[in-house]
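Both counts, for ligands and for their atoms, begin at 1 and track the order of listing.
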Amino acid sequence: MSQVGHKGPARSGARQTLNYRLMASLQKNIVILISGTGSNMVAIARAAQKQAWQQKWGVRVAAVISNNAAAGGLTLAKDLGLATEVVPHKSFESREAFDAALMARIEPHAPALVVLAGFMRILTPGFVQHYAGRLINIHPSLLPAFTGLNTHQRAIDAGCRVAGTTVHQVTSELDQGDILAQAVVPVLPGDSADTLAARVLTQEHIIYPQAVRDFFERGV
Ligand code: GRF
(Lines give C-alpha, C1' and ligand atoms only; values in the text may rest on other atoms or scores of the structure.)
Protein backbone atom coordinates (compact mmCIF):
# COMPACT_ATOMS: atom_id res chain seq x y z
CA MET A 1 0.00 0.00 0.00
CA SER A 2 2.70 2.40 0.95
CA GLN A 3 4.53 1.45 -2.25
CA VAL A 4 1.49 2.38 -4.36
CA GLY A 5 1.21 5.61 -2.43
CA HIS A 6 4.86 6.29 -3.19
CA LYS A 7 4.66 5.49 -6.91
CA GLY A 8 1.63 7.66 -7.62
CA PRO A 9 3.16 11.04 -6.93
CA ALA A 10 6.51 9.98 -8.37
CA ARG A 11 4.82 9.04 -11.66
CA SER A 12 2.84 12.22 -11.85
CA GLY A 13 6.02 14.16 -11.06
CA ALA A 14 7.80 12.42 -13.93
CA ARG A 15 4.86 13.12 -16.23
CA GLN A 16 4.93 16.75 -15.24
CA THR A 17 8.65 16.94 -15.99
CA LEU A 18 7.97 15.39 -19.40
CA ASN A 19 5.25 17.95 -20.04
CA TYR A 20 7.67 20.75 -19.16
CA ARG A 21 10.28 19.28 -21.51
CA LEU A 22 7.76 18.95 -24.34
CA MET A 23 6.70 22.54 -23.78
CA ALA A 24 10.33 23.68 -23.82
CA SER A 25 10.97 21.93 -27.15
CA LEU A 26 8.05 23.73 -28.80
CA GLN A 27 8.32 27.10 -27.17
CA LYS A 28 11.31 29.05 -25.92
CA ASN A 29 10.08 30.74 -22.82
CA ILE A 30 11.66 33.70 -21.10
CA VAL A 31 10.90 34.32 -17.43
CA ILE A 32 11.80 37.81 -16.21
CA LEU A 33 12.43 38.50 -12.52
CA ILE A 34 11.95 42.05 -11.26
CA SER A 35 11.83 43.91 -7.95
CA GLY A 36 10.97 47.48 -8.91
CA THR A 37 10.31 49.78 -11.83
CA GLY A 38 10.71 47.15 -14.49
CA SER A 39 11.81 49.42 -17.33
CA ASN A 40 14.30 46.84 -18.64
CA MET A 41 11.58 44.19 -18.52
CA VAL A 42 9.35 46.51 -20.57
CA ALA A 43 12.15 47.12 -23.09
CA ILE A 44 12.62 43.37 -23.55
CA ALA A 45 8.89 42.63 -23.78
CA ARG A 46 8.36 45.46 -26.28
CA ALA A 47 11.28 44.28 -28.42
CA ALA A 48 9.81 40.76 -28.38
CA GLN A 49 6.48 42.10 -29.56
CA LYS A 50 7.79 44.58 -32.14
CA GLN A 51 10.37 42.23 -33.58
CA ALA A 52 7.97 39.25 -33.60
CA TRP A 53 10.30 36.95 -31.63
CA GLN A 54 7.44 34.48 -31.13
CA GLN A 55 6.74 34.15 -34.84
CA LYS A 56 10.43 34.10 -35.83
CA TRP A 57 11.93 31.88 -33.15
CA GLY A 58 9.10 30.71 -30.90
CA VAL A 59 10.48 32.99 -28.19
CA ARG A 60 8.10 34.71 -25.80
CA VAL A 61 8.04 36.30 -22.38
CA ALA A 62 6.05 33.67 -20.49
CA ALA A 63 5.96 35.34 -17.10
CA VAL A 64 7.18 38.27 -15.04
CA ILE A 65 7.80 37.34 -11.42
CA SER A 66 8.51 39.78 -8.61
CA ASN A 67 9.65 39.29 -5.03
CA ASN A 68 7.88 42.57 -4.25
CA ALA A 69 4.09 42.86 -4.59
CA ALA A 70 4.45 46.66 -4.81
CA ALA A 71 6.84 46.59 -7.78
CA GLY A 72 5.66 49.14 -10.34
CA GLY A 73 6.84 46.82 -13.09
CA LEU A 74 4.01 44.38 -12.30
CA THR A 75 1.42 46.89 -13.52
CA LEU A 76 3.49 47.64 -16.62
CA ALA A 77 3.76 43.91 -17.33
CA LYS A 78 0.00 43.44 -16.99
CA ASP A 79 -0.56 46.41 -19.33
CA LEU A 80 1.59 44.60 -21.88
CA GLY A 81 -0.59 41.51 -21.51
CA LEU A 82 2.06 39.51 -19.69
CA ALA A 83 1.38 36.97 -16.96
CA THR A 84 2.62 38.16 -13.59
CA GLU A 85 3.32 36.39 -10.33
CA VAL A 86 4.56 37.47 -6.91
CA VAL A 87 6.74 35.44 -4.56
CA PRO A 88 7.24 37.75 -1.56
CA HIS A 89 10.67 37.05 -0.12
CA LYS A 90 9.61 38.32 3.30
CA SER A 91 7.32 35.29 3.70
CA PHE A 92 10.30 32.94 3.80
CA GLU A 93 12.67 32.27 6.64
CA SER A 94 15.76 31.64 4.56
CA ARG A 95 17.20 32.43 1.13
CA GLU A 96 17.05 28.72 0.35
CA ALA A 97 13.33 28.54 1.14
CA PHE A 98 12.62 31.65 -0.95
CA ASP A 99 14.67 30.38 -3.89
CA ALA A 100 12.91 26.99 -3.72
CA ALA A 101 9.52 28.74 -3.87
CA LEU A 102 10.74 30.94 -6.71
CA MET A 103 11.94 27.92 -8.66
CA ALA A 104 8.59 26.24 -8.10
CA ARG A 105 6.96 29.20 -9.88
CA ILE A 106 9.57 29.39 -12.64
CA GLU A 107 9.79 25.67 -13.52
CA PRO A 108 6.27 25.28 -14.97
CA HIS A 109 7.34 27.75 -17.67
CA ALA A 110 10.28 25.50 -18.60
CA PRO A 111 12.36 28.60 -19.31
CA ALA A 112 15.00 28.65 -22.01
CA LEU A 113 16.22 31.85 -20.37
CA VAL A 114 15.72 33.49 -16.97
CA VAL A 115 16.34 37.25 -17.11
CA LEU A 116 17.13 39.26 -14.00
CA ALA A 117 15.97 42.83 -14.62
CA GLY A 118 16.45 44.91 -11.50
CA PHE A 119 15.89 41.82 -9.34
CA MET A 120 17.30 42.87 -5.98
CA ARG A 121 17.87 39.51 -4.32
CA ILE A 122 21.07 37.53 -4.09
CA LEU A 123 20.34 34.05 -5.40
CA THR A 124 21.61 30.90 -3.72
CA PRO A 125 24.26 28.73 -5.40
CA GLY A 126 21.63 25.98 -5.86
CA PHE A 127 19.37 28.31 -7.83
CA VAL A 128 22.23 29.67 -9.91
CA GLN A 129 23.52 26.16 -10.62
CA HIS A 130 20.09 24.97 -11.72
CA TYR A 131 19.81 27.74 -14.33
CA ALA A 132 23.52 27.86 -15.25
CA GLY A 133 24.00 29.06 -18.82
CA ARG A 134 20.44 30.36 -19.05
CA LEU A 135 20.46 32.99 -16.31
CA ILE A 136 21.49 36.55 -17.17
CA ASN A 137 21.59 39.91 -15.42
CA ILE A 138 22.17 43.56 -16.22
CA HIS A 139 24.45 45.46 -13.88
CA PRO A 140 24.77 49.26 -14.04
CA SER A 141 28.54 49.53 -14.35
CA LEU A 142 31.29 48.58 -16.74
CA LEU A 143 32.17 45.28 -15.11
CA PRO A 144 34.54 44.19 -13.72
CA ALA A 145 34.57 47.71 -12.23
CA PHE A 146 32.06 48.55 -9.51
CA THR A 147 30.38 45.31 -8.62
CA GLY A 148 27.66 45.59 -5.99
CA LEU A 149 25.55 48.62 -5.11
CA ASN A 150 25.73 52.43 -5.59
CA THR A 151 27.65 52.03 -8.82
CA HIS A 152 26.88 55.49 -10.24
CA GLN A 153 27.98 57.44 -7.17
CA ARG A 154 31.09 55.29 -6.89
CA ALA A 155 31.97 55.95 -10.56
CA ILE A 156 31.53 59.72 -10.00
CA ASP A 157 33.55 59.64 -6.77
CA ALA A 158 36.35 57.76 -8.50
CA GLY A 159 36.57 60.48 -11.17
CA CYS A 160 35.62 58.15 -14.01
CA ARG A 161 35.18 59.87 -17.37
CA VAL A 162 32.97 57.08 -18.62
CA ALA A 163 30.46 54.77 -17.00
CA GLY A 164 28.08 52.22 -18.42
CA THR A 165 26.30 48.96 -18.07
CA THR A 166 26.95 45.26 -18.53
CA VAL A 167 24.82 42.27 -19.44
CA HIS A 168 26.42 39.14 -18.02
CA GLN A 169 25.85 35.50 -17.26
CA VAL A 170 25.00 34.92 -13.62
CA THR A 171 27.31 32.72 -11.60
CA SER A 172 27.47 32.16 -7.86
CA GLU A 173 30.00 35.00 -7.52
CA LEU A 174 28.28 38.39 -7.50
CA ASP A 175 28.52 40.24 -10.85
CA GLN A 176 31.33 37.97 -12.06
CA GLY A 177 29.87 35.88 -14.92
CA ASP A 178 30.89 36.08 -18.58
CA ILE A 179 30.20 39.45 -20.17
CA LEU A 180 27.62 39.30 -23.00
CA ALA A 181 27.20 43.01 -23.83
CA GLN A 182 28.28 46.43 -22.62
CA ALA A 183 27.43 50.06 -23.35
CA VAL A 184 29.45 53.11 -22.42
CA VAL A 185 28.19 56.60 -21.55
CA PRO A 186 30.13 59.73 -20.62
CA VAL A 187 30.24 60.98 -17.05
CA LEU A 188 29.49 64.69 -17.49
CA PRO A 189 30.61 67.58 -15.26
CA GLY A 190 27.98 68.15 -12.59
CA ASP A 191 26.50 64.65 -12.91
CA SER A 192 24.69 63.29 -9.88
CA ALA A 193 24.11 59.59 -9.34
CA ASP A 194 20.56 60.15 -10.65
CA THR A 195 21.51 61.96 -13.87
CA LEU A 196 24.18 59.35 -14.60
CA ALA A 197 21.76 56.51 -13.81
CA ALA A 198 19.21 57.95 -16.23
CA ARG A 199 21.85 58.16 -19.00
CA VAL A 200 22.94 54.58 -18.32
CA LEU A 201 19.35 53.34 -18.26
CA THR A 202 18.66 54.59 -21.81
CA GLN A 203 21.54 52.38 -22.97
CA GLU A 204 20.32 49.43 -20.91
CA HIS A 205 17.02 49.57 -22.78
CA ILE A 206 18.97 49.09 -26.02
CA ILE A 207 21.54 46.47 -25.06
CA TYR A 208 19.44 44.21 -22.84
CA PRO A 209 16.80 43.34 -25.47
CA GLN A 210 19.63 42.95 -28.00
CA ALA A 211 21.54 40.59 -25.70
CA VAL A 212 18.41 38.48 -25.15
CA ARG A 213 17.84 38.35 -28.89
CA ASP A 214 21.49 37.36 -29.43
CA PHE A 215 21.08 34.58 -26.88
CA PHE A 216 18.38 32.99 -29.00
CA GLU A 217 19.91 33.81 -32.39
CA ARG A 218 23.40 32.63 -31.60
CA GLY A 219 22.79 30.45 -28.55
CA VAL A 220 25.32 32.55 -26.58
C1 GRF B 1 18.95 48.90 -13.79
O2 GRF B 1 19.77 50.03 -13.76
C3 GRF B 1 19.78 47.66 -13.75
O4 GRF B 1 21.06 47.82 -14.28
C5 GRF B 1 19.90 47.38 -12.29
O6 GRF B 1 18.70 47.79 -11.72
C7 GRF B 1 18.08 48.77 -12.56
C8 GRF B 1 16.73 48.24 -12.86
O9 GRF B 1 15.92 49.17 -13.48
N10 GRF B 1 20.21 46.00 -12.06
P11 GRF B 1 14.49 48.72 -14.02
O12 GRF B 1 13.74 48.10 -12.84
O13 GRF B 1 14.69 47.76 -15.12
O14 GRF B 1 13.83 50.01 -14.45
**Q** Please answer whether the main-chain N or O of L149 pairs with a side-chain N or O of R154 as donor and acceptor at a distance below 3.5 Å.
**A** yes

**Q** Side chains of T151 and H139: donor-acceptor distance under 3.5 Å anywhere?
**A** no

**Q** Quick one: which of M120, M41, E204 has a heavy atom closest to atom 4 (O) of ligand 1?
**A** E204

**Q** Atoms of ligand 1 less than 4.0 Å from I138 heavy atoms?
**A** 3 (C), 4 (O), 5 (C), 10 (N)

**Q** Just need the protein heavy atom nearest to atom 14 (O) of ligand 1, so name the residue and atom and give the distance.
**A** S39 OG, 2.5 Å

**Q** Give a yes or no on whether L82 and V31 share a hydrophobic cluster (residues Ile, Leu, Val, Met, Phe, Trp, Tyr; joining criterion: side-chain heavy atoms under 4.5 Å apart).
**A** no

**Q** With a 3.5 Å cut-off and no angle check, do the side chains of S35 and N67 form a donor-acceptor pair?
**A** yes

**Q** Students should be able to answer this: which protein heavy-atom is nearest to atom 9 (O) of ligand 1, and at what distance?
**A** N40 ND2, 3.8 Å

**Q** Report the residue from N40, I138, T37, V185 that forms a side chain to side chain contact (heavy atoms under 4.5 Å, CB included) with L201.
**A** N40

**Q** Only heavy atoms of T37, strictly under 4.0 Å: list the atoms of ligand 1 that pass.
**A** 12 (O), 14 (O)

**Q** Which protein non-hydrogen atom lies closest to atom 8 (C) of ligand 1, naming both residue and atom, and how far is it?
**A** G118 CA, 3.6 Å

**Q** Given side chains that start at C-beta, do those of F119 and V170 come closer than 4.5 Å, heavy atoms only?
**A** no

**Q** Decide whether the shortest distance between a heavy atom of G38 and an atom of ligand 1 is less than 4.0 Å.
**A** yes

